[in-house]
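Inspection log for the structure reproduced underneath, given as structure tokens.
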Number of protein chains: 4
Amino acid sequence: MRALVKEQRAPGAAVREVPLPQPGPGELLVRVEAASVCGTDVHIERWDQWAEENFGPTPMIFGHEMAGVVVGHGQGAGRIPLGETVAAETHIVDWTCYQCRTGRAHICRSLRILGVHLPGTFAQYVVIPEMNAWVYEGLSPEIAALQEPLGNAVHATFVEEIAGQTVAVLGCGPIGLMSIAVARMAGARRVFATDINPERLEMAGQMGADLLLEASDDIVERLRAETDGNGVDVVLEMSGAEAALHQGLAALTNGGRISLLGTHNTPVTLDLSQEVIFKGIRLYGITGRRMFDTWYRTTALLEEGLDLRPIITHRLPLTDYASAFDLVASGHAGKIVLLPQEE
Amino acid sequence: MRALVKEQRAPGAAVREVPLPQPGPGELLVRVEAASVCGTDVHIERWDQWAEENFGPTPMIFGHEMAGVVVGHGQGAGRIPLGETVAAETHIVDWTCYQCRTGRAHICRSLRILGVHLPGTFAQYVVIPEMNAWVYEGLSPEIAALQEPLGNAVHATFVEEIAGQTVAVLGCGPIGLMSIAVARMAGARRVFATDINPERLEMAGQMGADLLLEASDDIVERLRAETDGNGVDVVLEMSGAEAALHQGLAALTNGGRISLLGTHNTPVTLDLSQEVIFKGIRLYGITGRRMFDTWYRTTALLEEGLDLRPIITHRLPLTDYASAFDLVASGHAGKIVLLPQEE
Amino acid sequence: MRALVKEQRAPGAAVREVPLPQPGPGELLVRVEAASVCGTDVHIERWDQWAEENFGPTPMIFGHEMAGVVVGHGQGAGRIPLGETVAAETHIVDWTCYQCRTGRAHICRSLRILGVHLPGTFAQYVVIPEMNAWVYEGLSPEIAALQEPLGNAVHATFVEEIAGQTVAVLGCGPIGLMSIAVARMAGARRVFATDINPERLEMAGQMGADLLLEASDDIVERLRAETDGNGVDVVLEMSGAEAALHQGLAALTNGGRISLLGTHNTPVTLDLSQEVIFKGIRLYGITGRRMFDTWYRTTALLEEGLDLRPIITHRLPLTDYASAFDLVASGHAGKIVLLPQEE
Amino acid sequence: MRALVKEQRAPGAAVREVPLPQPGPGELLVRVEAASVCGTDVHIERWDQWAEENFGPTPMIFGHEMAGVVVGHGQGAGRIPLGETVAAETHIVDWTCYQCRTGRAHICRSLRILGVHLPGTFAQYVVIPEMNAWVYEGLSPEIAALQEPLGNAVHATFVEEIAGQTVAVLGCGPIGLMSIAVARMAGARRVFATDINPERLEMAGQMGADLLLEASDDIVERLRAETDGNGVDVVLEMSGAEAALHQGLAALTNGGRISLLGTHNTPVTLDLSQEVIFKGIRLYGITGRRMFDTWYRTTALLEEGLDLRPIITHRLPLTDYASAFDLVASGHAGKIVLLPQEE
């Protein structure tokens, strides 16, 4: 089969013909119809420090977001019939550790991630545990593949109740954009969006943000003014930028909460007393999706009419992977979907 | 001033000229622009057992839902300026008991209710504690008066998170209708509405219900079919009918929750083991509104565009009170608003 | 092997020699060192309506509480080594339904219970899924077998925070007694115990209850007097008696909560408005144990020194099963442990 | 009356004769029987940057922890009779802002603190709002004065459920020591205590810590070893030391929570991705006490037998204030209680 392989621990990747993988016990073989590109994939392709420290043994196929069709069963698998359409929960967990047995499998003590520690989805076929397959209906493959990052947005947004709350989304990359729509659908009082990139802010407006703010020094003052001086109830930090973090903490009302999802490549410096403690703020580190509470909610939102199509800016055959990575790195793309079955 | 007075502990009421009330320490005098009719008021006018056991000493003005304008300050009051428009939180509490000091003032140990234990709002003027006045902007008086019962709906609906949940609203009186809209705006996955009255079901559709069901024996089967056999996540019991209660419990998914707001005039008989215990269900007794969390959320929903106008079917001068009570009792009305300043 | 078999759908049971069971895929063979007797087992032995409606096809071994040693692995099992000591979570679940995938496997949509729907633990050996085995250390088999019912007590007690709360435990059978100790260890402010049986009240005192009350009409008044007139914060209804339920609801403070664990054989009649709704009370139907949050907490309490020995009043060989059931039915026993390996 | 006055915005303070304060509307005059010394008071006496930025206009009496007797009523006050013993909730709030109306008055938008923004308790008499007086019974004044800092410990410890959890308390100053006892009484599985000061660790043992660890590099490894490799469930950061913060985050199990109460005088540098986000950790900024949920719990713990006497190392007349501040600054004291009525 055709697959995008990370061959060396250095920048680059290559499309290769590789053997079809075989599903082991409890696993499914899935024909990949769509595989969307995540920032993580760009880290792997460009090969930065995070990739050096985290990516498994090369050569290995990468990519993790996907939707496809079940075409094979390993021993003991079969609950999901052949021909069913599935997306992948990309956190491969042991189901027996302390975390897995107490409702937080997504941060399993021996967590492995598809396309990072195990062969991924930038390929015509992929093997996943049947427990990780999420059956969907009525979605196009490209939207279905986005359920995984949408789950990140849902997890970050719904970590506490959102209805009736004022919300600031800091950073309008794909997950930030999704969280705007999620907060809007779940009855947020106001949704404020910030970014440094006007193209992204425009997309934020399309996703339902009530107010678009170019990231700059007076955002805090503006957010206070828009909330009767109280500050916002909820900050969703999606940028991974230290400046945004400080703005978010300053803009929060006393007793508010912030979800930290954007990953920071460098340490941040905080005045914990003033920014967090004296304000009685709650910070939530957010990674992955709750298995599978978040998936049920994600499905519900899509059923209710959540429309992710404005976020998808490019659809490319797998062989055009280089353009895809360049586009993501340029900041001039929303979500890019690779199509492994197309030439 | 003109007021609707319950003169005797027997059916009936009368419009009378009575002295203008004087605000005491910490109280406001409010000119009533709109006072909507609640089922409680009908109990008082018709004089049933509940009224006999609960209504304060006669003669007394009744009515509690209202919106108006601040026209006088008692000693120590003044945070809210003259001329401001306010609605009333109708639970008059002591602020110092165990409940009031632990975030549940609405079930204060020495709770008194406006228009039940203290002179009410079916009058040209009413006195309320300044702490109970909710300042609003940008609403017509008739909608503003509905914030109080809307708060009941918000409280019942938001007692746990609602986004992504399937919801059955049992009973489409005014508060049931409001809760349909609230659940819809807060991202419920599906909202099912049941009633025995086709007129009310039609209003339920206007408020955003996804499926309208005439209350009958097969509702449980239908709700299971609509939810992949799981049953619904949330039941909002707004009818006070025992049959509906059993249907709701049967329709709930294992581990679901039910809010009990509709009051029951007669005891109900439950198979606790099968209906509640073995299913791991949570039941919430709901009365009043959280002070003032619920009011903030209610305001947020109205700001976001929640439209209660379809619920208001009649607007009448206070002097037409008899028609109002007859209409409510007939079941052919939604919400009726009395206008004390009109002749 | 020797086993206690329910042979016919009628009162009675018999010790028989039966073939050693074989563990299937993912299952363990466990040598049973101790199997304690639950009220459910008495229902099965005496054969009441609940048994008629729920017990699986006869002949079948019953019993479910147990501790033992792993002596065989089915295909794919092996995480838990041979020789390890384990107790059994008795709810056999599918791990793939809506409930299992949203953190409430104990109320799985296709729940089966050991010794009710599947061959049980009143035998020298039993087969259980490896996922249902809870490895323990440092406990005697008889105490280890009690972890399952202790889990019920922990689940009922910890459904909301208990520290600093006043607690009334209604019904001092084994699970009620355990919950007294659990509440005490978790920092309850006061623990009140009620029962109609003076022997049980004496045991309640041994388990740490602060006040022992014979169930009678003035309990409500007494509990209010002991709580500054507020009523208790928490009721743990362990009796399944309707009179206790009404007392519990009346004794609760406004906004309090009640865990319903005692099963009711007949319907109960409630004044929902007065007993639940106007007081803003939360009711929790409690069955089983959270898988496996509750087991971690149960283990923690045992490690901290929770002593269940006073509850165990009898230890009998399996062949003395008839005495065991008579003792439980008489009300003159605490917990009885059967020892299948003894003659 | 005699009072300790901060006269200038510079190091130092002085005992002076000042006029007896008069209670205003809704206020009480309280004769101070005991006033304990908090770290905040040392900041004010030594006059550091925090004091410069936060302390109100000089000259002003400082000190805030106290217990005393009601000896006068301002207009409208009187719910609490003369002669009653009270402690002070030291957060003076407006009761009408967004925070106060949504159950978080302790972080009121216009918060003022006794002895920081308003005249304090290092005096023979103090005026406080009647709403801020907490009536107590059966406690000595010196223990009663400690209810305020004990409330900080209770708030930090109980922000999520603690029963059955492993807990690391970082920093064994008075509030850290109290939180050890609180966690112990509320059923924590293990309580680990760390400090750099052996005297404080010894006190930690007296308060019930299971394991005492001198703060050094291998604490993280040790805490993992003591928790089956999982890491601790709960960290209570009481030191305000950056090194401890990093140790706490590293020692937390995935999905654990940390309460941040120790205030940091300088910014901290965090690797948010590794220390917080990928581990799915929750951080809680903790300040003050919930009004008045925390006070009820604090009272409950004292009733249950929580013994704070080992923490009090010195009792001094107010005139010995200089020794008190030197002792606190030296680190060789636990809690010091000043006695304003003694010469």
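Throughout, a chain's letter reflects where its sequence line sits, starting with A, and its residues are numbered from 1. Remember, predicted model here, so these are calculated numbers, not experimental data.
Results of the side-chain contact (heavy atoms from CB on, under 4.5 Å) test with C:L150 over C:I143, C:L308, C:I175 single out C:L308 as the only residue that passes.
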* Dump the intermediate steps for side chain to side chain contact (heavy atoms under 4.5 Å, CB included) on C:V182 and C:F158, then the final yes or no. => CA-CA 9 Å; C:V182 169; C:F158 286 179; 3.6 Å; yes

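Inspection of non-hydrogen atoms places D:Y296, D:R297, D:T299, D:A300, D:E303, D:E304 of residues 289-307 of chain D under 4.5 Å from chain C.
The line from CE of D:M178 to SG of D:C172 is 12.5 Å long, rounded to the nearest 0.5 Å.
Among D:Q165, D:R189, D:R184, the residue making the largest number of heavy-atom pairs under 4.5 Å with chain C is D:R189.
At least one test fails for D:R222 against the ring of D:F192: distance under 6.0 Å to the centre or angle within 45° of the axis.
Between C:D233 and C:V167, the closest side-chain pair of non-hydrogen atoms is not below 4.5 Å. Taking the side chain as every heavy atom from C-beta outward, C:R101 and C:Q99 never approach each other to under 4.5 Å.
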